2 protein chains.
Amino acid sequence: MRGQRSATLDDVARAAGVSRATASRVVTGQGPASARARDRVATAVAELGYVPDAAARALASRSGTRLAIAVIGRTAAVLGDPYVGRVLTTAAHIAAEREVGVSLHWVPLNAPVTLAGLAGSRGLGGLVVVNPTRPALETVPRALRGRVAAIGVGTRDVPSFDVDNRTGTDGVVRHLVSTGRRRIAMVTGPSWLPCGDRAVEAYRRVMQDCGSETRVVAGDFTAARGVTAAAEIMSRWPDTDAVFALSDLTALGVLDGLHALGVQVPADVAVAGFDDIAFACLSRPALTTSTHPVEEIAAAAARAVLDHDGRDPVTFFPSRLVVRESA
Amino acid sequence: MRGQRSATLDDVARAAGVSRATASRVVTGQGPASARARDRVATAVAELGYVPDAAARALASRSGTRLAIAVIGRTAAVLGDPYVGRVLTTAAHIAAEREVGVSLHWVPLNAPVTLAGLAGSRGLGGLVVVNPTRPALETVPRALRGRVAAIGVGTRDVPSFDVDNRTGTDGVVRHLVSTGRRRIAMVTGPSWLPCGDRAVEAYRRVMQDCGSETRVVAGDFTAARGVTAAAEIMSRWPDTDAVFALSDLTALGVLDGLHALGVQVPADVAVAGFDDIAFACLSRPALTTSTHPVEEIAAAAARAVLDHDGRDPVTFFPSRLVVRESA
DNA sequence: TATTGCCGTGGAAGCGCTTCCACGTGTGGG
DNA sequence: CCCACACGTGGAAGCGCTTCCACGGCAATA
């Protein structure tokens with residue numbers, strides 16, 4: 001068992017009988033190196049169990065070797081959300097392809113911890129901000145601009161990637177109308193997330209087209225809120241015949257809340273969600289919803305920051321209606 | 001608008017009219033500094049928008065400022081699993097308390113990418129390995145030993161934290177027995193995860209105690225597997241009157257598969273899961289299960305590596321039976 | 001007034017790595 | 001046979017930061 005100190009590149013170079021410069025070239029695979037040198041260094045690396053120091057490497061090469069994901073949100077709940085899990089999974093994949101690490105940051109809303117501190121910019125290859133708010137985005141250090149992308153919100157400040165929840169909502173609500181529903185309530189997302197506005201707008205338009213009043217209650221994308229929202233809606237508008245929630249989690253909660261109220265779904269009230277999460281097809285009745293290609297979106301964002309390409313400011317990914325039993 | 005290069009500590013020192021050493025002391029808050037110096041440096045920092053470079057800091061101070069979470073698993077699915085999301089949430093919190101970052105790594109089973117490469121040890125304050133396999137654990141660089149903890153598996157190699165799924169399973173299966181079930185099938189976890197062994201053992205013991213045969217099929221903690229497992233069980237042992245799955249996700253899938261087969265739950269077959277995930281109470285019928293204090297476990301593991309305390313090698317957290325409608 | 005002690009400070013030495021540059025070598029063409 | 005040109009190599013200069021150490025100035029003590 002060797003001493004405490006872990007092996008450095010100098011140790012490797014010495015063991016291999018070459019200079020540190022040569023050892024570095026071999027280890028990184030950059031620059032010329034004779035077969036002989038390559039061999040000896042490789043042997044030494046294996047023998048000493050050498051692992052390059054990420055910090056030193058980042059410092060010397062002044063290049064990013066890390067993809068940071070910052071999740072903005074009011075509570076810890078956001079990280080428990082399957083949505084974030086899918087984003088992280090995807091990011092981890094893209095990062096693995098590029099051989100960069102992923103760092104994860106949870107930024108509370110109205111955070112004293114800003115994205116600036118988070119970044120510690122050297123060694124940061126790119127930053128993907130999930131559900132950014134404008135103030136949060138403004139704390140991104142200047143040096144990083146151009147290596148930042150947003151997902152979950154369409155903003156023009158940085159390249160953004162999001163699902164097209166305008167047409168998605170349109171599709172769902174029209175489906176409800178086409179099955180004879182007219183008194184349709186909507187549970188939105190949290191008010192600090194502007195992405196819901198486009199959806200609400202789409203909903204209003206359809207309601208207007210068929211001469212119905214709008215029934216909007218604020219949500220927060222959680223299942224718990226769905227339960228209370230169901231009660232709220234049925235007490236404010238007892239003749240409601242359909243509920244559309246901008247999140248499957250919430251829709252599932254609505255299903256539960258309605259069940260507790262003794263309301264039959266879809267016989268009495270139809271329920272539809274948005275996202276098409278894995279559980280959507282496991283609920284009873286199975287949830288009608290609209291897809292949300294989270295993986296595609298996250299991959300696009302991760303690639304955008306890592307490749308540093310100057311893309312269109314906002315990209316919307318299409319959402320597709322999935323009709324199951326609940327509506 | 002200042003030049004491209006972001007401000008360094010030298011810039012701050014110059015602007016404040018002090019030496020770099022003093023500036024460093026003020027910024028880190030370590031070491032003596034006069035009120036005057038503190039003031040001037042603080043002003044300069046604010047003015048220049050200075051952000052310390054994490055890499056350089058880690059390199060110079062040779063101290064860890066990052067908590068790494070490595071998730072071991074066969075497919076990307078593991079990261080989509082709510083379990084991992086909860087672990088990450090918790091880790092992010094603990095890390096935020098300690099003012100360290102979190103990095104996330106997905107390590108495929110039989111990974112060419114080992115935990116060694118992941119670590120790039122400098123700047124790593126600790127490593128929590130989720131669902132470690134012994135080979136994976138062996139790739140952890142020596143320098144890191146003592147700053148590594150495992151969760152999701154009880155291993156003696158490093159401090160480990162896991163739910164006590166032996167007594168948890170015992171509780172669930174005895175509950176099934178107490179409600180008159182005798183022909184109970186079990187869907188296990190993935191075979192590469194040794195943690196399931198203790199659970200299977202507990203199940204076998206109860207079955208033996210009441211003179212029933214064991215009916216075990218291998219699972220993988222996914223809902224999809226639950227659907228196929230239900231079909232498999234009902235065709236192999238048509239008289240089965242209860243199914244216990246070691247994961248709620250799988251149990252939910254079993255519910256779905258049984259429904260497709262026209263089997264009534266719990267009338268014909270009782271179903272129970274393990275984990276008590278959020279969706280457990282949203283399914284119809286609501287799922288009977290046993291708790292899994294993921295947050296507590298993850299917090300304990302994160303604290304253990306960050307505080308570098310020499311705790312007991314294996315800690316099991318108790319699981320509590322939650323009876324709902326499905327069993 | 002001379003001596004001891006302490007505190008705030010700046011100089012300088014690295015942390016482990018990448019990369020520029022200059023320096024031999026060995027090859028091909030003139 | 002000599003010059004040009006590659007190519008592989010080692011020396012050395014940093015990357016931005018922390019921290020050791022020695023130094024000067026001040027107040028407290030003799």
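No experiment lies behind these values; they were computed from the predicted model shown. Just so we're on the same page: letters track the sequence lines, and every chain starts at 1.
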- line: Checking C:dT18, C:dG16, D:dG10 against the side chain of A:Thr22 (C-beta onward), the nearest is D:dG10
message: Could you tell me how far apart A:Arg14 (CZ) and C:dC17 (P) are, to the nearest whole angstrom?
response: 12 Å
- prompt: Within this structure, what is the CG-to-P distance between B:Asp53 and D:dC15, rounded to whole angstrom?
  reply: 12 Å
query: Across the strands shown, which category fits A:Ser24 at heavy-atom distances under 4.0 angstrom: base, sugar-phosphate, nothing?
result: base
task: Supply the atom-to-atom distance A:His292 NE2 to A:Tyr83 OH, rounded to the nearest 0.5 angstrom.
output: 4.5 Å
query: To the nearest angstrom, how far is B:Arg20 atom CZ from D:dC20 atom P?
result: 16 Å
field: Divergence of helical axes at both termini of the helix from C:dT1-D:dA30 to C:dT27-D:dA4 - five pairs an end, 10° steps
entry: 50°
field: Separation of C:dC17 P from B:Arg57 CZ (nearest whole Å)
entry: 21 Å
- prompt: Say you draw a straight line from CZ of B:Phe316 to CG of B:Asp162; how long is it, rounded to the nearest 0.5 Å?
  reply: 6.0 Å
- request: Could you tell me the separation between the CG atom of B:Asp10 and the C1' atom of D:dC15, rounded to a whole number of Å?
  value: 11 Å
message: Among C:dG10, D:dG10, D:dG16, which nucleotide has an atom closest to any side-chain atom of B:Ser19?
response: C:dG10
- prompt: A:Val148 and A:Val158: which non-hydrogen atoms are nearest, and at how many Å?
  reply: O-CB, 3.8 Å
- request: For B:Ala60 and for B:Ala37, find the nucleotide of DNA chain C with the closest heavy atom, then tell me which residue's nucleotide is more 5'.
  value: B:Ala37
task: With rounding to the nearest 0.5 Å, note down the distance linking CD1 in A:Ile69 to CD1 in A:Ile151.
output: 7.5 Å
message: Taking the basic N atoms (NZ, or NE/NH1/NH2) and the acidic carboxylate oxygens, is any pair closer than 4.0 Å for A:Asp39 and A:Arg36?
response: no
query: Given atom CG of B:Leu9 and atom P of D:dT18, what is their separation to the nearest angstrom?
result: 6 Å
query: Can you check the A:Leu59 CG to C:dG14 P distance for me, whole Å?
result: 17 Å
Any donor-acceptor N/O pair, A:Arg38 side chain to A:Ala33 backbone, under 3.5 Å: yes
- prompt: Below 3.5 Å, does any donor atom in the side chain of A:Arg25 face an acceptor in the base of D:dG10, or the other way round?
  reply: yes
query: For A:Ala33, which contact category applies under a 4.0 Å heavy-atom criterion: base, sugar-phosphate, or nothing?
result: sugar-phosphate
- prompt: What nucleotide, of D:dG10, C:dT9, C:dC17, holds the atom closest to the side chain of B:Ser34?
  reply: C:dT9
- request: Rounded off to whole Å, could you give me the CD-to-P distance for the A:Gln30 and C:dC20 pair?
  value: 11 Å
- line: Comparing nearest nucleotides in DNA chain D, the 5'-proximal residue of the pair A:Pro32, A:Ala21 is A:Pro32
query: Say you draw a straight line from CD of A:Glu296 to OG1 of A:Thr315; how long is it, rounded to the nearest 0.5 Å?
result: 11.5 Å
